[in-house]
Amino acid sequence: MHIIVVEDDPELGAAIQRALERLAYTVSWLRNGREALIALRDETADLVLLDLGLPGMDGLEVLVEARRAHVKTPVIVMTARDGLEARVHGLDAGADDYLIKPFHLEELCARIRSLSRRSQGLAVNRIEVGALVLDLGTSHVTFRGEAIELTRREFALLQFLMERAGKLVRRESLINSLYGLDNVVGENALEVLVHTLRKKLNYGTVRTVRGFGYMVPREPE
C-alpha cells in the first residue's frame with residue numbers, strides 16, 4: 001500500500017514515515033501543498049495523509065482542487081485546527097477522515113486500515129480472486145488452499161493487483177506504489193519482482209500486457 005504523507009513539520013513527518021514503513025507501507029513524504037496537489041492528481045497513491053497548514057498552498061485548498069479534478073484517492077486530514085467549524089469545512093471539502101493533532105500513531109494506523117478497507121469495499125481484511133486468497137490482517141496468502149510465503153514487497157505487489165483484478169495496471173503506477181515517488185528504482189526491479197511472484201504462485205496468476213503493465217485475471221490459472 002502506497003501512502004503519501006504531506007506534512008511540513010520535519011519531526012512529525014519523519015516519525016509518521018518511520019512508523020508506517022515499519023508496518024510495511026510504502027511512504028512518500030511531501031512537505032508543501034503544491035507538491036501534494038501534483039501527487040494527488042497523479043492518483044498513484046492508495047491513501048493520503050494531509051496536513052492543512054502547509055507552505056505554498058493550504059491543505060484545504062489542495063483537497064478542494066483535487067476533488068474538483070475528480071480525484072477519488074482517500075484522504076485523512078491531520079491538523080491542529082480542532083474547532084467544529086474547521087472539521088466541517090474539511091469534511092465538506094472532501095476529506096474521508098479527520099485526525100486532530102497531537103494523536104497517537106496507533107490511532108493513525110487504525111484509521112488507515114479502516115479507511116483502506118472501506119475504500120476497497122471490503123467488510124473484512126480479505127481479498128479473494130478465484131482460488132487466490134490474500135488476508136490483509138495476517139499477511140497470509142493461499143493459492144488453491146496451499147499457503148504461499150511471500151516477501152513484504154511481493155505481498156504488496158500481489159495486493160495492489162488483486163484489488164484491481166481484471167484491470168490492466170500500468171507499470172508506472174506499480175513502481176510508484178511499491179517504491180514511492182522519491183526513490184530511484186533499478187530498470188528491471190519490477191520485472192524481477194513479478195518473476196519471483198509468478199514462480200511462487202503460478203505463471204498464469206500475473207499476466208503481462210507488453211509495453212503497458214500487468215494484471216491479475218479474475219480467474220487466475
Side-chain angles (χ1 to χ4, degrees), residues 1-120 136 152-153 156 159-160 172-185:
M1 184 177 182
H2 177 208
I3 298 176
I4 292 178
V5 177
V6 189
E7 173 58 65
D8 65 322
D9 182 293
E11 291 187 9
L12 180 57
I16 293 173
Q17 183 176 33
R18 285 195 303 269
L20 295 181
E21 286 179 341
R22 282 199 297 268
L23 294 171
Y25 294 116
T26 299
V27 180
S28 298
W29 176 18
L30 306 179
R31 295 161 178 80
N32 72 68
R34 298 200 181 278
E35 287 182 351
L37 183 57
I38 292 170
L40 266 165
R41 283 175 171 165
D42 194 41
E43 292 194 90
T44 58
D46 298 291
L47 187 141
V48 176
L49 304 177
L50 179 65
D51 183 34
L52 293 187
L54 296 169
M57 188 177 189
D58 185 78
L60 199 58
E61 295 177 66
V62 172
L63 188 54
V64 168
E65 288 298 319
R67 296 310 189 210
R68 189 174 290 157
H70 307 292
V71 174
K72 297 179 180 178
T73 307
V75 174
I76 298 177
V77 165
M78 308 180 296
T79 182
R81 305 174 192 174
D82 59 353
L84 176 60
E85 185 177 355
R87 292 199 299 273
V88 170
H89 282 325
L91 294 169
D92 283 345
D96 297 275
D97 203 349
Y98 211 96
L99 203 54
I100 303 298
K101 298 177 182 178
F103 51 78
H104 291 289
L105 288 172
E106 291 83 357
E107 181 184 4
L108 172 61
C109 293
R111 301 257 188 134
I112 289 171
R113 290 192 298 270
S114 175
L115 185 52
S116 176
R117 290 196 300 270
R118 294 206 311 269
S119 68
Q120 296 297 335
L136 296 169
R152 176 182 69 84
R153 196 151 272 160
Q159 178 185 343
F160 197 88
E172 295 79 9
S173 296
L174 280 168
I175 289 174
N176 287 340
S177 176
L178 294 169
Y179 301 99
L181 296 172
D182 50 0
N183 291 321
V184 178
V185 182

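On a predicted model such as this, the values are computed, not experimentally measured, just so you know. The figures that follow rest on heavy atoms only: side chains count, while hydrogens, waters and symmetry mates do not.
Pairing each heavy atom of Glu21 with each of Val27, the nearest pair is CG-CG2, 3.8 Å. Closest approach of Leu105 to Ala19, counting heavy atoms only: CD1-CB, 3.8 Å. Ala93 and Val64 make their closest contact through CB-CG2, 3.7 Å (heavy atoms, listed as atom of the first residue, atom of the second, distance). Considering every non-hydrogen atom in both Met57 and Leu37, the closest pair reads CE-CD2, 3.8 Å. When every heavy atom of Ile16 is checked against every heavy atom of Met78, the shortest pair comes out as CD1-SD, 3.8 Å. Nearest approach of Glu107 to Arg111, heavy atoms of both residues: OE2-NH2, 2.6 Å.
Under 4.0 Å is where a charged nitrogen must lie from a carboxylate oxygen, and between Asp96 and Arg67 at least one such pair does.
Distance check: Leu60 CG to Asp92 CG gives 9.5 Å after rounding to the nearest 0.5 Å. Put simply, CG on Leu40 and CD on Glu35 are 12.0 Å apart, with the number rounded to the nearest 0.5 Å. Rounded to the nearest 0.5 Å, atoms CG (Leu99) and CG (Leu50) are 12.5 Å apart. Separating the CZ atom in Arg34 from the CD atom in Glu61 is a distance of 8.0 Å, to the nearest 0.5 Å. Distance check, rounded to the nearest 0.5 Å: CG of Leu63 to CZ of Arg68 gives 11.0 Å. Taken from CG in Leu12 to CD in Gln17, the straight-line distance is 11.5 Å, to the nearest 0.5 Å.
You'll find the side chain of Asp8 stays beyond 4.5 Å of the side chain of Asn32, heavy atoms only. Counting only heavy atoms from C-beta outward, the side chains of Ile112 and Leu49 approach each other to under 4.5 Å. Asp46 is listed as a side-chain neighbour of Phe160, based on a closest heavy-atom distance under 4.5 Å. Two residues are said to be in side-chain contact when any heavy atoms from C-beta on lie closer than 4.5 Å; Asp51 and Lys101 meet this criterion. In this structure, Ile4 and Thr73 have side chains that are not in contact, with every pair of non-hydrogen atoms separated by 4.5 Å or more.
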Next on the checklist: Using the rule given for side chain to side chain contact (heavy atoms under 4.5 Å, CB included), can you reason through Ser173 versus Asp42, listing the C-alpha separation, both sets of side-chain angles and the distance that settles it, and then say yes or no?
Outcome noted: CA-CA 9 Å; Ser173 296; Asp42 194 41; over 6 Å; no

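Looking only at distances, a side-chain donor or acceptor of Trp29 sits under 3.5 Å from a matching main-chain atom of Glu7.
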